[in-house]
Amino acid sequence: MEEKKTRFYLIRHGETLWNREMRYQGSTDIALSEEGLAQAELMAKRFRYLPLDHIYTSPLQRAKATAEAIGRQTGLTPMEDVHFTEINFGEWEGLSVPELKEKYGKQYMEFYENPFQRVFPGEGSFHKVAERAVAGFEALLQKHKGEKIAIVSHGGLLRVLLVSILGMDEKFYRTTWLTNTSITMVDVMEDNRRVLMTLNDKAHLEMAELLKKGE
(Lines give C-alpha, C1' and ligand atoms only; values in the text may rest on other atoms or scores of the structure.)
Protein backbone atom coordinates (compact mmCIF):
# COMPACT_ATOMS: atom_id res chain seq x y z
CA MET A 1 0.00 0.00 0.00
CA GLU A 2 1.41 3.37 -1.03
CA GLU A 3 2.38 5.68 1.82
CA LYS A 4 0.11 8.70 2.11
CA LYS A 5 2.16 11.86 1.68
CA THR A 6 1.67 15.60 1.50
CA ARG A 7 3.20 17.21 -1.57
CA PHE A 8 4.41 20.81 -1.72
CA TYR A 9 5.22 22.62 -4.95
CA LEU A 10 7.49 25.55 -4.02
CA ILE A 11 7.37 28.03 -6.89
CA ARG A 12 9.36 31.19 -7.44
CA HIS A 13 7.51 34.07 -9.09
CA GLY A 14 8.10 35.17 -12.69
CA GLU A 15 10.72 37.66 -13.79
CA THR A 16 10.56 41.37 -12.91
CA LEU A 17 12.63 44.21 -14.33
CA TRP A 18 14.56 44.34 -11.06
CA ASN A 19 15.39 40.64 -11.48
CA ARG A 20 16.80 41.43 -14.90
CA GLU A 21 18.82 44.32 -13.47
CA MET A 22 20.03 42.11 -10.57
CA ARG A 23 18.61 44.44 -7.92
CA TYR A 24 17.60 43.38 -4.41
CA GLN A 25 13.78 43.41 -4.38
CA GLY A 26 12.96 42.09 -0.93
CA SER A 27 9.65 43.44 0.34
CA THR A 28 9.44 46.13 -2.37
CA ASP A 29 6.29 45.38 -4.39
CA ILE A 30 7.53 45.11 -7.97
CA ALA A 31 5.25 43.88 -10.79
CA LEU A 32 6.09 41.11 -13.25
CA SER A 33 7.69 42.12 -16.52
CA GLU A 34 6.15 41.02 -19.82
CA GLU A 35 8.63 38.15 -19.82
CA GLY A 36 7.61 37.27 -16.27
CA LEU A 37 3.94 37.12 -17.23
CA ALA A 38 4.79 34.81 -20.14
CA GLN A 39 6.91 32.60 -17.85
CA ALA A 40 4.02 32.35 -15.38
CA GLU A 41 1.64 31.19 -18.10
CA LEU A 42 4.10 28.53 -19.28
CA MET A 43 4.62 27.23 -15.76
CA ALA A 44 0.90 27.28 -14.96
CA LYS A 45 0.08 25.06 -17.94
CA ARG A 46 1.96 22.25 -16.23
CA PHE A 47 -0.76 22.16 -13.59
CA ARG A 48 -3.26 21.02 -16.20
CA TYR A 49 -1.60 17.63 -15.67
CA LEU A 50 -0.40 17.85 -12.05
CA PRO A 51 -3.00 17.21 -9.32
CA LEU A 52 -3.33 20.25 -7.05
CA ASP A 53 -5.65 20.99 -4.14
CA HIS A 54 -4.61 24.44 -2.87
CA ILE A 55 -2.59 27.51 -3.92
CA TYR A 56 -0.99 29.84 -1.39
CA THR A 57 0.92 32.96 -2.34
CA SER A 58 3.03 35.75 -0.94
CA PRO A 59 0.97 38.98 -0.85
CA LEU A 60 3.48 40.77 -3.14
CA GLN A 61 2.10 41.36 -6.63
CA ARG A 62 4.84 39.50 -8.49
CA ALA A 63 3.95 36.31 -6.59
CA LYS A 64 0.20 36.91 -6.73
CA ALA A 65 0.23 37.34 -10.51
CA THR A 66 2.19 34.08 -10.83
CA ALA A 67 -0.25 32.27 -8.53
CA GLU A 68 -3.23 33.66 -10.44
CA ALA A 69 -1.88 32.06 -13.62
CA ILE A 70 -2.03 28.68 -11.87
CA GLY A 71 -5.52 29.51 -10.67
CA ARG A 72 -6.71 30.08 -14.22
CA GLN A 73 -5.47 26.63 -15.22
CA THR A 74 -6.86 24.78 -12.20
CA GLY A 75 -9.96 26.70 -11.15
CA LEU A 76 -8.44 27.17 -7.67
CA THR A 77 -8.37 30.54 -5.93
CA PRO A 78 -4.94 31.55 -4.57
CA MET A 79 -4.90 32.50 -0.90
CA GLU A 80 -2.46 35.09 0.44
CA ASP A 81 -0.16 34.11 3.30
CA VAL A 82 2.24 36.64 4.80
CA HIS A 83 4.54 33.86 6.02
CA PHE A 84 5.81 33.54 2.45
CA THR A 85 6.57 37.22 1.77
CA GLU A 86 10.11 37.84 0.55
CA ILE A 87 12.86 38.76 3.01
CA ASN A 88 12.79 42.45 3.97
CA PHE A 89 16.21 43.93 3.16
CA GLY A 90 15.40 47.49 4.24
CA GLU A 91 17.67 50.15 2.75
CA TRP A 92 19.42 47.58 0.55
CA GLU A 93 16.32 47.17 -1.59
CA GLY A 94 16.54 48.67 -5.07
CA LEU A 95 20.33 48.42 -5.13
CA SER A 96 22.35 46.10 -7.37
CA VAL A 97 25.14 43.88 -6.04
CA PRO A 98 27.90 46.22 -7.38
CA GLU A 99 26.13 49.18 -5.73
CA LEU A 100 25.85 47.29 -2.44
CA LYS A 101 29.54 46.38 -2.55
CA GLU A 102 30.47 50.00 -3.20
CA LYS A 103 28.15 51.55 -0.60
CA TYR A 104 28.34 48.98 2.22
CA GLY A 105 31.65 47.24 1.54
CA LYS A 106 32.68 44.81 4.28
CA GLN A 107 29.22 44.74 5.91
CA TYR A 108 27.58 43.55 2.70
CA MET A 109 30.36 41.12 1.72
CA GLU A 110 30.31 39.44 5.15
CA PHE A 111 26.56 38.98 4.79
CA TYR A 112 26.90 37.71 1.21
CA GLU A 113 29.49 35.11 2.19
CA ASN A 114 27.72 33.89 5.33
CA PRO A 115 24.12 35.17 5.37
CA PHE A 116 22.86 33.02 8.25
CA GLN A 117 25.54 34.41 10.57
CA ARG A 118 25.31 38.13 9.76
CA VAL A 119 22.73 40.85 10.39
CA PHE A 120 21.34 43.01 7.60
CA PRO A 121 18.90 45.94 7.27
CA GLY A 122 15.17 45.32 7.43
CA GLU A 123 14.29 41.89 8.82
CA GLY A 124 17.78 41.62 10.26
CA SER A 125 18.34 37.87 10.54
CA PHE A 126 17.89 34.79 8.37
CA HIS A 127 16.97 32.91 11.54
CA LYS A 128 13.97 35.23 11.97
CA VAL A 129 13.08 34.68 8.33
CA ALA A 130 13.33 30.92 8.78
CA GLU A 131 11.13 31.04 11.87
CA ARG A 132 8.24 32.72 10.05
CA ALA A 133 8.61 30.69 6.84
CA VAL A 134 8.70 27.37 8.70
CA ALA A 135 5.71 28.41 10.82
CA GLY A 136 3.73 28.98 7.62
CA PHE A 137 4.86 25.68 6.10
CA GLU A 138 4.06 23.64 9.21
CA ALA A 139 0.62 25.27 9.51
CA LEU A 140 -0.22 24.26 5.94
CA LEU A 141 1.10 20.75 6.54
CA GLN A 142 -1.23 20.31 9.51
CA LYS A 143 -4.19 21.85 7.69
CA HIS A 144 -3.81 19.91 4.43
CA LYS A 145 -2.26 16.53 5.32
CA GLY A 146 -2.31 14.13 2.39
CA GLU A 147 -3.05 16.89 -0.11
CA LYS A 148 -1.09 18.75 -2.78
CA ILE A 149 -0.24 22.39 -2.12
CA ALA A 150 1.45 25.05 -4.24
CA ILE A 151 3.30 27.86 -2.45
CA VAL A 152 4.20 30.76 -4.75
CA SER A 153 6.91 32.82 -3.16
CA HIS A 154 10.41 34.27 -3.69
CA GLY A 155 13.91 32.98 -4.34
CA GLY A 156 15.47 34.10 -1.08
CA LEU A 157 12.58 33.05 1.14
CA LEU A 158 12.24 29.65 -0.51
CA ARG A 159 15.94 28.84 -0.16
CA VAL A 160 15.83 29.75 3.54
CA LEU A 161 12.74 27.54 3.90
CA LEU A 162 14.44 24.61 2.16
CA VAL A 163 17.50 24.84 4.40
CA SER A 164 15.22 24.75 7.43
CA ILE A 165 12.66 22.06 6.56
CA LEU A 166 15.22 19.68 5.03
CA GLY A 167 17.91 20.17 7.68
CA MET A 168 20.41 21.27 5.02
CA ASP A 169 23.78 22.84 5.74
CA GLU A 170 23.44 26.61 5.70
CA LYS A 171 25.90 26.70 2.78
CA PHE A 172 23.05 25.31 0.64
CA TYR A 173 21.63 28.83 0.45
CA ARG A 174 24.62 30.15 -1.50
CA THR A 175 25.31 27.00 -3.49
CA THR A 176 21.93 26.68 -5.18
CA TRP A 177 19.65 28.90 -7.23
CA LEU A 178 15.93 29.06 -7.98
CA THR A 179 15.09 30.35 -11.46
CA ASN A 180 12.00 32.51 -12.02
CA THR A 181 8.90 30.22 -12.14
CA SER A 182 10.95 27.16 -11.24
CA ILE A 183 9.16 24.39 -9.34
CA THR A 184 10.81 22.68 -6.37
CA MET A 185 8.89 19.69 -5.04
CA VAL A 186 9.03 18.48 -1.43
CA ASP A 187 7.10 15.47 -0.13
CA VAL A 188 6.31 15.09 3.57
CA MET A 189 5.76 11.44 4.49
CA GLU A 190 3.40 10.09 7.14
CA ASP A 191 6.31 9.77 9.59
CA ASN A 192 7.14 13.48 8.95
CA ARG A 193 10.24 12.77 6.84
CA ARG A 194 10.80 15.56 4.29
CA VAL A 195 12.05 14.42 0.90
CA LEU A 196 13.34 16.74 -1.82
CA MET A 197 11.88 15.31 -5.03
CA THR A 198 12.90 18.01 -7.54
CA LEU A 199 14.93 21.21 -7.29
CA ASN A 200 14.68 24.23 -9.61
CA ASP A 201 12.62 22.40 -12.24
CA LYS A 202 12.33 24.85 -15.14
CA ALA A 203 11.49 22.39 -17.92
CA HIS A 204 8.64 24.62 -19.15
CA LEU A 205 11.09 27.44 -19.89
CA GLU A 206 13.64 25.14 -21.49
CA MET A 207 11.04 23.49 -23.71
CA ALA A 208 9.69 26.87 -24.83
CA GLU A 209 13.22 27.96 -25.75
CA LEU A 210 13.83 24.75 -27.73
CA LEU A 211 10.55 25.15 -29.61
CA LYS A 212 11.43 28.75 -30.40
CA LYS A 213 14.78 27.69 -31.85
CA GLY A 214 13.09 25.03 -33.94
CA GLU A 215 10.67 27.43 -35.63
Check whether Q39 reaches the backbone of T181 with its side chain - one donor and one acceptor, N or O, closer than 3.5 Å.
no

So, do F111 and F126 have ring centers that fall under 6.0 Å from each other?
yes

How far apart are the C-alpha atoms of L141 and N192, what are their side-chain angles, what is the distance that settles it, and do they pass the side-chain contact (heavy atoms from CB on, under 4.5 Å) test?
CA-CA 10 Å; L141 175 60; N192 206 36; 3.8 Å; yes

Is there a side-chain contact (heavy atoms from CB on, under 4.5 Å) between T176 and N200? Walk through the geometry before answering.
CA-CA 9 Å; T176 193; N200 196 39; 5.8 Å; no

So, are R193 and D191 salt-bridged, with charged N and O less than 4.0 Å apart?
yes

Under the 3.5 angstrom rule, does the side chain of T74 hit a backbone N or O of I70 as a donor-acceptor pair?
yes

Is there a donor-acceptor pair closer than 3.5 Å between any side-chain N or O of N180 and the backbone N or O of H13?
yes

Do the side chains of D187 and R7 get close enough for a salt bridge, i.e. N-O under 4.0 angstrom?
yes

Ring pair (Phe, Tyr, Trp, His ring centres under 6.0 Å) with H204: which residues, sequence neighbours excluded?
none

Just checking, any donor-acceptor pair under 3.5 angstrom between side chains of E86 and S58?
no

Test item: E91 side-chain N/O and P121 main-chain N/O as donor-acceptor pair under 3.5 Å
no

Going by the angle between their ring planes, with limits at 30° and 60°, are H127 and F116 parallel, tilted or perpendicular?
perpendicular

Could you check whether any side-chain N or O of R132 sits under 3.5 Å from a backbone N or O of H83, counting only pairs where one atom can act as donor and the other as acceptor?
yes

Examine F84 together with Y56 and report whether their ring centres are nearer than 6.0 Å.
no

Is a side-chain N or O of E123 found less than 3.5 angstrom from the main chain of N88, in a donor-acceptor match?
yes

Can you tell me if E15 uses its side chain to pair, donor with acceptor, with the backbone of S33 under 3.5 Å?
no

With rounding to the nearest 0.5 angstrom, report the OG1 to NZ distance, T179 to K202.
4.5 Å

Please report the closest heavy-atom contact between M168 and L162, naming both atoms and the distance.
CG-O, 3.8 Å

Distance to the ring centre below 6.0 angstrom and angle to the axis at most 45 degrees; does that hold for R159 and Y173?
yes

Does any part of the side chain of L52, heavy atoms only, come nearer than 4.5 Å to the side chain of L76, both counted from C-beta?
yes

Would you check if T66 and L32 make a side-chain contact, meaning some heavy-atom pair closer than 4.5 Å?
yes

Quick one about Y24 and E99 (side-chain donor to acceptor, distance below 3.5 Å, no hydrogens or angles considered), yes or no?
no

Using modelled atom types only, decide if a donor and an acceptor are shared between the side chain of Q61 and the backbone of D29 within a distance under 3.5 Å.
yes

Evaluate E113 against R118 for salt bridge (charged side-chain N to carboxylate O under 4.0 Å, His left out), listing each step before the verdict.
CA-CA 9 Å; E113 290 165 5; R118 295 290 183 268; over 6 Å; no

Check each of L199, D201, L158 against T184 using the side chain to side chain contact (heavy atoms under 4.5 Å, CB included) test, and report the only one that passes.
L199

Can a donor-acceptor pair be found, under 3.5 Å and without considering hydrogens, that links the side chain of S96 to the backbone of M22?
no

So L161 and V134, side-chain contact (heavy atoms from CB on, under 4.5 Å) or not? Walk me through it.
CA-CA 6 Å; L161 178 62; V134 170; 4.1 Å; yes

Is a side-chain donor or acceptor of S182 paired with a backbone partner of L178 at a separation under 3.5 angstrom?
no

Within the 4.5 Å heavy-atom criterion, are I183 and M43 side-chain neighbours or not?
yes

